[in-house]
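Below is one structure, written out as structure tokens; comments come after it.
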Amino acid sequence: EVADLRQEIEITRREAATDGLTGLANRKRFDITLRDTAAEMMEAGDEMCLLMLDIDFFKKFNDNYGHQTGDQVLKLLAITLNECIKGQDTAARYGGEEFGVILPNTSLNSAVILAENIRERVSRKSIINKSTGEQLGAITLSIGVSKYEFGEPLNELIARADTALYAAKNQGRNKVLSELDMVMPPASAQN
């Protein structure tokens, strides 16, 4: 009975940390994993990066094709994220159609390459209404990438990735930008 109770507790704990729709980590688990991973990376002196992803025009997609089809798109993205990341990485549903990926032991350059791979793989998938066979088009992502600076508040890491994400959206969507893309050139270079 004790073994059964332990197993039930473990299942409940896992379910409490998992997004019910996508099967990815939920926001609570994302926050805890980000905090713990940042501490581990700082202690080991290893790099860590963060991807923030958002599905382009998702509200319009939901409005045109319904929430059930939108849910299928979210599941498709979750599957693609799991196919692209390594075992040490954590993909999470951050909220709505926004996702986060925590990348321990990963340089900014490698994180940008991974983000580009995810973006390309998703954009190549064609969404089809199973009941009618109707082609619904492709889904695209905007992705922001940031690198953890040892000791910084984690909300700053998230804010830099979000800034790059929204810059990608403002520059036409279906794009990956890193925090380095947000650095303004010196005033002398702007003339």
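Values in this document were obtained by computation on a predicted structure and should not be read as measured data.
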Group every Ile, Leu, Val, Met, Phe, Trp and Tyr by side-chain heavy-atom contacts under 4.5 Å, then state whether I102 and L81 land in the same group. no
T22 vs D19, test: side-chain hydrogen bond (donor to acceptor under 3.5 Å, both in side chains). Steps then yes/no. CA-CA 6 Å; T22 63; D19 177 65; 2.7 Å; yes
Picking from R173, K169, K175, K59, what satisfies salt bridge (charged side-chain N to carboxylate O under 4.0 Å, His left out) with D54? K169
Run the numbers on R35 and D31 for salt bridge (Lys or Arg N to Asp or Glu O under 4.0 Å), then give the verdict. CA-CA 6 Å; R35 181 197 66 211; D31 290 340; over 6 Å; no
What's the verdict on side chain to side chain contact (heavy atoms under 4.5 Å, CB included) for F99 and I143, showing C-alpha distance, side-chain angles and the deciding distance? CA-CA 9 Å; F99 293 76; I143 305 176; over 6 Å; no
Exercise: identify the closest heavy-atom pair between [X] and [Y]:
X    : Y    : value
A38  : L154 : CB-CD2, 3.7 Å
R121 : K125 : O-CG, 3.4 Å
G151 : M42  : N-SD, 3.1 Å
G144 : A164 : CA-CB, 3.7 Å
L114 : C84  : CD1-O, 3.5 Å
L24  : R93  : CB-N, 4.2 Å

For N105 and Q88, test the side chains for any donor-to-acceptor distance below 3.5 angstrom and give the result as yes or no. yes
Stepwise side-chain hydrogen bond (donor to acceptor under 3.5 Å, both in side chains) test for S126 and Q135: CA-CA 7 Å; S126 181; Q135 292 275 350; 2.6 Å; yes
Rounded to the nearest 0.5 Å, what separates atom OG1 in T140 from atom CZ in F57?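 Between T140 OG1 and F57 CZ, I get 7.0 Å after rounding to 0.5 Å.
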Roughly how far, to the nearest 0.5 Å, is the CE atom of M48 from the CG atom of D89?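 It is 11.5 Å, given to the nearest 0.5 Å.
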Hey, mind stepping through N174 and R119 against side-chain hydrogen bond (donor to acceptor under 3.5 Å, both in side chains) and telling me if it holds? CA-CA 7 Å; N174 193 24; R119 187 197 62 75; 2.9 Å; yes
Determine whether a donor-acceptor pair (N or O, by modelled atom type, separation under 3.5 Å) exists between the side chain of [X] and the backbone of [Y].
X    : Y    : answer
E120 : N117 : no
S110 : T106 : no
N170 : Y166 : yes

Check the pair L74, I55 against side chain to side chain contact (heavy atoms under 4.5 Å, CB included), reporting the backbone distance first and the verdict last. CA-CA 9 Å; L74 295 173; I55 300 171; 3.6 Å; yes
Please lay out, stage by stage, how F58 and L77 fare under the test side chain to side chain contact (heavy atoms under 4.5 Å, CB included). CA-CA 12 Å; F58 188 70; L77 177 54; over 6 Å; no
What do the steps show when you test K147 against E47 for side chain to side chain contact (heavy atoms under 4.5 Å, CB included), and what is the final call? CA-CA 7 Å; K147 179 179 173 242; E47 295 177 294; 3.0 Å; yes
Hey, which of N109, V101, L108 is the one that makes side-chain contact (heavy atoms from CB on, under 4.5 Å) with C49?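 Result for side-chain contact (heavy atoms from CB on, under 4.5 Å) with C49: L108.
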Check step by step if side-chain hydrogen bond (donor to acceptor under 3.5 Å, both in side chains) holds for N26 and T18. CA-CA 5 Å; N26 63 16; T18 303; over 6 Å; no
Would you say V73 and F61 make side-chain contact, with heavy atoms under 4.5 Å?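 The answer is yes, as the side chains (C-beta and beyond) meet within the 4.5 Å cut-off.
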